[in-house]
**Q** 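Quick one: the structure is below, and I'll ask about it shortly.
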Amino acid sequence: MLGHVHRDGALTRAQLTQRLGVSRSTVGALVSDLTKLGLVQEVVPSRGAGVGRPSHVVAPHSGGPFVVAVDIDVAHVTIAAVGLGGAVLAREVVPTGATLSTPEAIAELAIDAIARLRAAGGPDSRPAGMGVSVPGTVDRRSGRVGVAPNLGWHNEAFGTLLTELAPDGLPIAVGNDADLAVLAEHRRGSARDCDDVVYLMGRVGVGAGIIIDGAPLRGHDGHAGEIGHNAVDVSGPLCHCGKTGCMETYVGDGALLALAGRPLPPTDEAVAALFADARAGDPAALAAVRGVAQPLGRAIASLVNTLNPERVLLGGSLSELLDIARPEIEASLERFALEAPASTVQLMQPTFGADSALLGAAEIAFTSLLADPLGALGAPV
């Protein structure tokens, strides 16, 4: 029941009875337990024009238990309290830099934020888990980050570090940013009704979150989707990963700024300014956007030929590229992809925009609570 309310929002008791295939009295007992736990709340609608008594509406309780979602980017760390149903209740955005880029510093920042986020909630609010999005390869079982080249992390026991610092018993989950972004969009966003989808995440680096036949595709040990490190030209620019000619050196934020003749390294403000100038008709900014569109379309074509997705979602800075240079991206896709899969794939922007990975981090943090709310929070009084 809690899973249905979390995914779909307010539902009537009649709808829950039909979905769960149980009696009305069983639904009533479940609603009572979840209400006592502070997870749901009931509203009795005013009588409408229909005949009979209106069914009670069961909705997520915004002032109840929440999860802490953390999205780590090269330029900043976003930490948020997220309630059932995916509502962002409070957030903090902290710029990173030389003094705030190590696993230890970011772990302390995330854990220290828990008390402040709890204070922003209601009297019944309490953390029920923490999910963290990392721009790198992640072992989902241990939370170990294998490599996050744009952060300079290599073989970091990040999940263990968080667990040691967190309050006793708080579940910790760590995942790759693109994997989490596609999870959020598949649950309740632009890919909700689509079981074959690729989410291309564009920041300083470029990664892909992939769902095939409704299931996440992570590979043998979690390294699937590192499309940003596919070699485009072995004699090309040096990449953060130490190799040359990687795709993200042609498509990432650094490539965009370099093509426009603007200073590096990339920052959120610099990239946003470039897109604003491109929309205003600045020739150099427009030329940079169109220069990135061609290799981006070629990268999408490779994914389309290999995976045959129904949709490709372009997130981060790639969403802005799609908005400004869709014709150029689609022309490149059509040139390099096979006709059959190219004719059916849809290029779309994510519903949650820059929050996709953050909300995906919340989703993995909710896992324990949704699986066993009584066990996670204790039996209702």
**Q** Is L314 linked to L256 within one hydrophobic cluster, defined over Ile, Leu, Val, Met, Phe, Trp and Tyr using a side-chain heavy-atom separation of less than 4.5 Å?
**A** yes

**Q** CD of Q346: more than 12 outside heavy atoms within 6.0 angstrom?
**A**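 Result for CD/Q346: enclosed.
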
**Q** Measure the shortest side-chain to side-chain distance between V77 and L109 over non-hydrogen atoms and say whether it is less than 4.5 angstrom.
**A**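 Yes, close enough: below the 4.5 Å cut-off.
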
**Q** So if you build clusters from Ile, Leu, Val, Met, Phe, Trp, Tyr with side-chain heavy-atom gaps below 4.5 Å, do V70 and L117 land together?
**A**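 Yes, V70 and L117 fall within the same hydrophobic cluster.
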
**Q** Kindly indicate whether the side chain of M130, heavy atoms from C-beta on, has any atom under 4.5 Å from the side chain of I111.
**A** yes

**Q** Going by heavy atoms in the side chains, are L2 and L39 under 4.5 Å from each other?
**A** yes

**Q** Is there a side-chain contact between Q349 and S190 (heavy atoms, below 4.5 Å)?
**A** no

**Q** Do E363 and R188 sit within salt-bridge range, that is, some charged N less than 4.0 Å from a carboxylate O?
**A**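 Counted as a salt bridge, because a side-chain N and a carboxylate O are separated by less than 4.0 Å.
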
**Q** Between S101 and T96, is any side-chain donor less than 3.5 angstrom from a side-chain acceptor?
**A**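 The answer is no; no qualifying pair exists.
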
**Q** What do you reckon, is CZ of R335 surrounded by more than 12 foreign heavy atoms closer than 6.0 Å?
**A** no

**Q** Atom CE of M1 and atom CG of L34: how far apart are they, to the nearest 0.5 Å?
**A** 6.5 Å

**Q** Using 0.5 Å steps for rounding, measure from the CG atom of L347 to the CG atom of L200.
**A**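 Those atoms lie 9.5 Å apart.
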
**Q** Please walk me through it: do S23 and T26 pass side chain to side chain donor-acceptor pair (under 3.5 Å)?
**A** CA-CA 5 Å; S23 67; T26 298; 2.9 Å; yes

**Q** For I364, is there any backbone N or O sitting under 3.5 Å from a side-chain donor or acceptor partner on T367?
**A**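 Such a contact is found between T367 side chain and I364 backbone.
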
**Q** Salt bridge between D196 and R311, side-chain N to carboxylate O under 4.0 Å?
**A**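 Looking at D196 and R311, the cut-off is not met.
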
**Q** Could you walk me through whether Y199 and S356 pass the side-chain contact (heavy atoms from CB on, under 4.5 Å) test, one step at a time?
**A** CA-CA 10 Å; Y199 188 113; S356 293; 3.5 Å; yes

**Q** Could you go through the salt bridge (Lys or Arg N to Asp or Glu O under 4.0 Å) check for R91 and D355 one step at a time?
**A** CA-CA 11 Å; R91 78 166 73 210; D355 278 349; 2.7 Å; yes

**Q** Is a salt bridge present between D268 and R203, judged by a nitrogen-to-oxygen distance below 4.0 Å?
**A** no

**Q** With hydrophobic residues grouped by side-chain heavy-atom distances under 4.5 Å, do I79 and V132 end up in a single group?
**A** yes

**Q** Show me the donor-acceptor pairs, under 3.5 Å and distance only, between side chains in residues 271-294 and residues at least two apart or in other chains.
**A**
{"from": "D277", "atom 1": "OD2", "to": "R262", "atom 2": "NH1", "distance (Å)": "3.1"}
{"from": "D277", "atom 1": "OD2", "to": "R262", "atom 2": "NH2", "distance (Å)": "2.7"}
{"from": "R279", "atom 1": "NH1", "to": "E320", "atom 2": "OE1", "distance (Å)": "2.8"}
{"from": "R279", "atom 1": "NH2", "to": "E320", "atom 2": "OE1", "distance (Å)": "2.6"}
{"from": "R279", "atom 1": "NH2", "to": "D323", "atom 2": "OD2", "distance (Å)": "2.7"}
{"from": "D282", "atom 1": "OD2", "to": "A284", "atom 2": "N", "distance (Å)": "3.3"}
{"from": "D282", "atom 1": "OD2", "to": "A285", "atom 2": "N", "distance (Å)": "2.8"}
{"from": "R290", "atom 1": "NE", "to": "E328", "atom 2": "OE2", "distance (Å)": "3.4"}
{"from": "Q294", "atom 1": "OE1", "to": "R298", "atom 2": "NH1", "distance (Å)": "2.9"}

**Q** Find out whether N155 and V145 are in side-chain contact, i.e. whether some heavy atom of one side chain is under 4.5 Å from a heavy atom of the other.
**A** no

**Q** May I have the step-by-step check of salt bridge (Lys or Arg N to Asp or Glu O under 4.0 Å) for R19 and D8, ending in yes or no?
**A** CA-CA 12 Å; R19 289 187 181 201; D8 298 328; 2.4 Å; yes

**Q** Given V88 and L359, is the side-chain contact (heavy atoms from CB on, under 4.5 Å) satisfied, shown in steps?
**A** CA-CA 8 Å; V88 177; L359 294 177; 3.9 Å; yes

**Q** Got a donor-acceptor contact below 3.5 angstrom from the T306 side chain to the S302 backbone?
**A**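 Answer holds: yes.
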
**Q** Just checking, any donor-acceptor pair under 3.5 angstrom between side chains of D71 and T78?
**A** no

**Q** Stepwise, does the side-chain contact (heavy atoms from CB on, under 4.5 Å) test hold for E310 with V345?
**A** CA-CA 5 Å; E310 180 182 349; V345 70; over 6 Å; no

**Q** Going by heavy atoms in the side chains, are L84 and F366 under 4.5 Å from each other?
**A**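 Heavy-atom side-chain distance check passes, below 4.5 Å.
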
**Q** Identify the two heavy atoms, one from G175 and one from R140, that lie closest to each other, and give their separation to 0.1 Å.
**A**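 Closest heavy-atom pair between G175 and R140: CA-CD, 3.7 Å.
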
**Q** Carefully, step by step, assess V82 and F66 under the rule side-chain contact (heavy atoms from CB on, under 4.5 Å).
**A** CA-CA 6 Å; V82 181; F66 64 92; over 6 Å; no

**Q** In the single-linkage hydrophobic clustering (I, L, V, M, F, W, Y; side-chain heavy atoms under 4.5 Å), do V182 and L307 co-cluster?
**A** no

**Q** Would you name the heavy atoms of R126 and L37 that are closest together and state the gap between them?
**A** NH2-O, 4.4 Å

**Q** Which atom names give the shortest non-hydrogen contact between I72 and P135, and what distance separates them?
**A**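 Smallest heavy-atom distance, with atoms named: O-CD, 3.1 Å.
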
**Q** Looking at every heavy atom in both L257 and P263, which two are closest together, and how far apart are they?
**A**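 So the two residues come closest at CD1-O, 3.9 Å.
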
**Q** Using modelled atom types and a 3.5 Å cut-off, is there a donor and acceptor pairing between side-chain atoms of N305 and backbone atoms of L338?
**A**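 Yes; judged by distance alone, with no hydrogens or angles, the pair exists.
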
**Q** Under a single-linkage definition using a 4.5 Å side-chain heavy-atom cutoff for Ile, Leu, Val, Met, Phe, Trp and Tyr, are L238 and V204 assigned to the same hydrophobic cluster?
**A** no

**Q** Any non-hydrogen side-chain atom of I106 less than 4.5 Å from a side-chain atom of W153?
**A** yes

**Q** Quick one: do R116 and E92 make a salt bridge, cutoff under 4.0 Å?
**A** yes

